[in-house]
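Numbers here simply count residues along the sequence, with the first being 1.
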Amino acid sequence: MTVAGVPLARTVAASERGAGVPGGAPLAEPTPELTLWYAQPAGAWESETLPIGNGALGAAVYGTVATERLQFNEKTLWTGGPGSPGYDFGNWREPRPGAIDAVRAALDADGRATPEEVAAQLGQPKTGFGAYQTFGELTLDFPETPENPDGYRRELSLAEAVSRVTYQAGGATHLREYFASHPAGVIVGRISADHGERVSFTLDYTGPHGGTDVSAADGRITVRGALADNGLVFEAQIQVLTEGGSRSESGGSVTVSGADAAWFVLGAGTDYADTYPDYRGEDPHDAVTSAVDAAAAQGFDALLAAHLADHQALFDRVRLDIGQQMPADQPTDALLAAYGGGGSPADRALEALFFAYGRYLLIASSRPGSLPANLQGVWNESTAPPWSADYHVNINLQMNYWPAHITNLAETTEPLHAFIDALRAPGRESAAQIFASRGWVVGNEINPYGFTGLHDWATSFWFPEAGAWLTRHLWDHYRFTQDTVFLADTAYPMLREIAEFWLDNLHTDPRDGLLVVSPSYSPEHGDFTAGAAMSQQIVREALTHTLTAAETLGVDPELRDQLAATLEQLDPGLRIGSWGQLQEWKEDLDDPANDHRHVSHLYALHPGNQIAPGTPEAAAAEVSLNARGDGGTGWSKAWKINFWARLRDGDHAHVMLAQQLRESTLPNLWDTHPPFQIDGNFGATSGIAEMLVQSHHGEVELLPALPGGWPDGSVTGLRAVGDVTVDIEWADGRPVQAVLTAGHEGTIRVRGGLVAAGCRVTDTDGTPTILNATDGVVEIPAVAGRSYTITPR
């Protein structure tokens, strides 16, 4: 059974709420620099609604006046999977002995094969893959309310994770507040006015799923049904409570009349469970009922207080100042339309807001207790969304989590870790049935029902390296947190099995005797070959991480020997081609006129760390990037922000950020592929952080790619590898102070302009720290829990 949210025990003081509302204290004004706001209601869901979410539940707020609309989702509501006719997990329906060996042999003989040829031999049509579903929509009909009232404002406060609508009508100021509470596991809405007895509305549910039963009693609407496709049971309950006035029910709706204020609590769940092979758990009714009852009993103020404490404990960890100044009278859509590329304080305000929005969206769409963020986070209005709103693992799911550690949101990775773990059981079956090997594997696209096999879309059906890429996120969690219990109990078992899969599947290349991935396909580009660069880089990384983890834990000596020997024979996938480029394929097949959106062969530069700045490979990566150009889809531009940051070219990284904002960002600041695809939001937030702090080569680098357009500023709360928190201030393009806080004992190596010319380091109580300084790097002997302030000498 899955029900939205995981209740947390928390005691907080009652919060303040709507200004002038009877029984409520004035609410502090939201921070303008961290608020999206609009002067009109949303028209289009994709480009204009404002998202709230608690990880499992999400809602898109329209802010329409006479009839308010809240489209909502519960992340486990998926068609497909067990119960759907013919579902096969993507595994071959009939044995194909020797099929992969035949493709390998052909590649050895001919060098290349078209995607269509390989798909015909190894692929098969999808059956029962399914799609992420909208749960439905709440509508609130307000009688005698004008469509276009005076003083209208619709906003989303990122600092509070609260969406509000205000307007004047009938001599009163009306306020609507909406938030999604992770502690309570519900969505909450409150309708009020600054004059008594002015709140009247009828609340209804509408949904697209046939056979749904909708009823209302005692102020509670109950929505219950089962998906026709797979029988998945779903339920939502909406409890309406009033402050004054009256409440009545009719059919499946609730009407409030003449109240001073009214509020509602929405809970939802399904009988999905992440257990292979049936993926079913308990009926959601009891858990949904308990969540709604408990939330209703708390009262609005207590719910809001707990929500704010929970959200701000994560969101407030990081603050970015790049010299921004938000125009007081410019709505966010107008701010975006007027964006000039970063040359003004208003431009910088949009850039800083975009960074904060990415962190907000990750908090809202990935919290413990549900699935990880999908292609649209947790938001979806459709029963047939683009690409099923699924989990593409040739970059998209991974990109969703790029900002998690560096921007101090490690807790948001738990759903991803749990999802990867749940893939192992079906992934073992796919490894055995398709590859006749040990370990586990996943294909290019995944659903929540263990679809770890293949389909037959020629340019996106084959990517067995995906599982290895996913394990990078486990390794990153260890690197950033230094949590050896996590490494031993969670990460290493998954790494070991991925390593076993590749030990069984690497192929000796007759061209040079090195071990390669074959068949190999550079995502969505070119022909099938043996040993494409991305394939080699990912597998090399996964085997290296497994070996290092085993050494750290002191386990599996025989496996360590085998891994070390294999790495000696493995092609690293880092060849420099005839025109100075980093080759995408083992053969020099790159076309300098090709501007394909995937730049997969630069994986070793980012998110990998096999290419260090200043090396010939880094120079070759720059040649490749320049050849591919600055165009592409939203997520592609976001990836290029990170690439250029890793190459220490902050100005070009800033150009890519500007391109993404100008060309690939919707008025509600969602990234667009097109259509809407949330990975670009997360990739841009990661890229901005990478411009300010990097720590991928054993050193904490301060302002490695600061663009000229951000000459003065500060950032607090970013994270570095080794469990280090980093605050930096800079002026005239140079750092003037940095504070590093150690979470673990050990040596912190620091590089950057602040230390290159000599610096002074003092610890928490102002005591000078004895350090070593060589070749522009200082080594700080850190003690856990202490902070070290670096200033110019």
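Using a 4.5 Å heavy-atom cutoff, the side chains of V393 and Q398 are in contact. Q124 has its side chain within reach of R96: a pair of non-hydrogen atoms, C-beta onward, lies under 4.5 Å apart. Looking at N374 and D390, their side chains never come closer than 4.5 Å, going by heavy atoms from C-beta outward. Between T212 and F234 there is a side-chain heavy-atom pair separated by less than 4.5 Å. A heavy-atom distance below 4.5 Å is found between the side chains of T685 and T407. S520 places none of its side-chain heavy atoms less than 4.5 Å from the side chain of F528. Between T76 and P448, every side-chain heavy-atom pair lies at or beyond the 4.5 Å cut-off. Side-chain contact check for T134 versus P208: some heavy-atom pair is nearer than 4.5 Å.
Here the closest non-hydrogen pair linking F135 and A268 is CE1-CB, 3.9 Å.
A donor-acceptor distance shorter than 3.5 angstrom exists from the side chain of N444 to the backbone of S460, with no hydrogens or angles considered. Listed for the Q610 side chain is no donor-acceptor partner under 3.5 Å among the backbone atoms of G608. The closest donor-acceptor contact from the side chain of S366 to the backbone of L362 lies at 3.5 Å or more, if one exists at all. R496 places no side-chain N or O within donor-acceptor distance of the main-chain N or O of T546, the cut-off being under 3.5 Å. Judged purely by atom type and a 3.5 angstrom limit, W379 uses its side chain to pair as donor or acceptor with the backbone of I52. In this structure, the side chain of E235 does not engage the main chain of G269 through any donor-acceptor pair within 3.5 Å. Using a distance-only test at 3.5 Å, with no hydrogens or angles considered, a donor-acceptor pair links the side chain of N642 to the main chain of G683. Using a distance-only test at 3.5 Å, with no hydrogens or angles considered, a donor-acceptor pair links the side chain of S636 to the main chain of R597. Side chain of Y272 to backbone of K75: no donor-acceptor contact under 3.5 angstrom is found. Under the 3.5 Å distance criterion, the side-chain polar atoms of T481 are matched with a main-chain donor or acceptor of H477.
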For residues 381-389, please give each side-chain donor-acceptor pair under 3.5 Å, one per line with the distance, not counting sequence neighbours.
unit_1, atom_1, unit_2, atom_2, d
S382, OG, A384, N, 2.8
S382, OG, A384, O, 3.4
S388, OG, G130, O, 3.3

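Under the side-chain contact (heavy atoms from CB on, under 4.5 Å) criterion, N609 pairs with R472, R479, H696, H697, not counting sequence neighbours. Scanning for side-chain contact (heavy atoms from CB on, under 4.5 Å) contacts around E497 gives R424, R428, W440, E500, with sequence neighbours left out. For F501, the ring pair (Phe, Tyr, Trp, His ring centres under 6.0 Å) partners are F435, not counting sequence neighbours. By the salt bridge (charged side-chain N to carboxylate O under 4.0 Å, His left out) test, D571 is found to be paired with R575, K586, residues two or more places apart in sequence or in another chain being considered. Looking at residues two or more places apart in sequence or on another chain, you find a ring pair (Phe, Tyr, Trp, His ring centres under 6.0 Å) between F89 and Y87, Y276. When the side-chain contact (heavy atoms from CB on, under 4.5 Å) test is applied to Q121, the partners found at least two apart in sequence or on another chain are V103. Evaluation of the ring pair (Phe, Tyr, Trp, His ring centres under 6.0 Å) rule for Y391 yields F419 as partners, not counting sequence neighbours. Under the side-chain contact (heavy atoms from CB on, under 4.5 Å) criterion, D278 pairs with T275, R280, not counting sequence neighbours. Residues forming a salt bridge (charged side-chain N to carboxylate O under 4.0 Å, His left out) with D101 (at least two apart in sequence, or on another chain): R104.
For an aromatic pair to be called close, the ring centres must be under 6.0 Å apart, and H417 with F486 satisfies this. The aromatic ring centres of H545 and Y478 sit 6.0 Å or more apart. Residues H598 and H525 place their aromatic rings such that the two centres sit no closer than 6.0 Å. For W469 and Y603, the ring centers sit closer than 6.0 Å to each other.
The CG atom of L666 lies 7.5 Å from the CG atom of D671; values are rounded to the nearest 0.5 Å. Distance check: T270 OG1 to E74 CD gives 5.0 Å after rounding to the nearest 0.5 Å. Distance check: L397 CG to L375 CG gives 8.5 Å after rounding to the nearest 0.5 Å. I446 contributes atom CD1, which lies 9.0 Å from atom CD1 of I420 (distance to the nearest 0.5 angstrom). Expressed to the nearest 0.5 Å, how far OH of Y401 lies from CG of D679 amounts to 12.0 Å. The distance from the CD atom of E541 to the CD atom of E465 is 12.0 Å, given to the nearest 0.5 Å.
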Could you give me the CA-CA distance, side-chain angles and deciding distance for L122 and F461, then say whether side-chain contact (heavy atoms from CB on, under 4.5 Å) is met? CA-CA 9 Å; L122 303 182; F461 88 100; 4.0 Å; yes
Worked verdict on N54 versus S181 for side-chain contact (heavy atoms from CB on, under 4.5 Å): CA-CA 6 Å; N54 66 10; S181 167; 5.6 Å; no
Decide yes or no on side-chain contact (heavy atoms from CB on, under 4.5 Å) for H182 and I363, but give the supporting numbers first. CA-CA 10 Å; H182 179 66; I363 295 168; over 6 Å; no
Ring pair (Phe, Tyr, Trp, His ring centres under 6.0 Å) for W402 and H606? Distances and angles first, verdict last. CA-CA 10 Å; W402 286 355; H606 182 278; 4.5 Å; yes
Step-by-step ring pair (Phe, Tyr, Trp, His ring centres under 6.0 Å) determination, W670 to F676: CA-CA 7 Å; W670 269 344; F676 162 49; 3.9 Å; yes
So D421 and T490, side-chain contact (heavy atoms from CB on, under 4.5 Å) or not? Walk me through it. CA-CA 8 Å; D421 192 30; T490 301; over 6 Å; no
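Side-chain polar atoms of Q133 and W78 form no donor-acceptor pair below 3.5 angstrom. Side-chain polar atoms of N230 and T79 form no donor-acceptor pair below 3.5 angstrom. A donor-acceptor pair shorter than 3.5 Å can be found between the side chains of N394 and E524.
When each of D229, L77, V223 is paired with H209, the side-chain contact (heavy atoms from CB on, under 4.5 Å) condition holds for L77 and for no other. With P51 as reference, L361 is the one residue of L669, L361, V378 to meet the side-chain contact (heavy atoms from CB on, under 4.5 Å) rule.
Applying the salt bridge (charged side-chain N to carboxylate O under 4.0 Å, His left out) test to residues at least two apart or on different chains, none of the pairs has a partner in residues 113-125. Residue pairs satisfying the salt bridge (charged side-chain N to carboxylate O under 4.0 Å, His left out) criterion with at least one member in residues 435-454, sequence neighbours excluded, are listed as follows: K126-E445, R438-D504.
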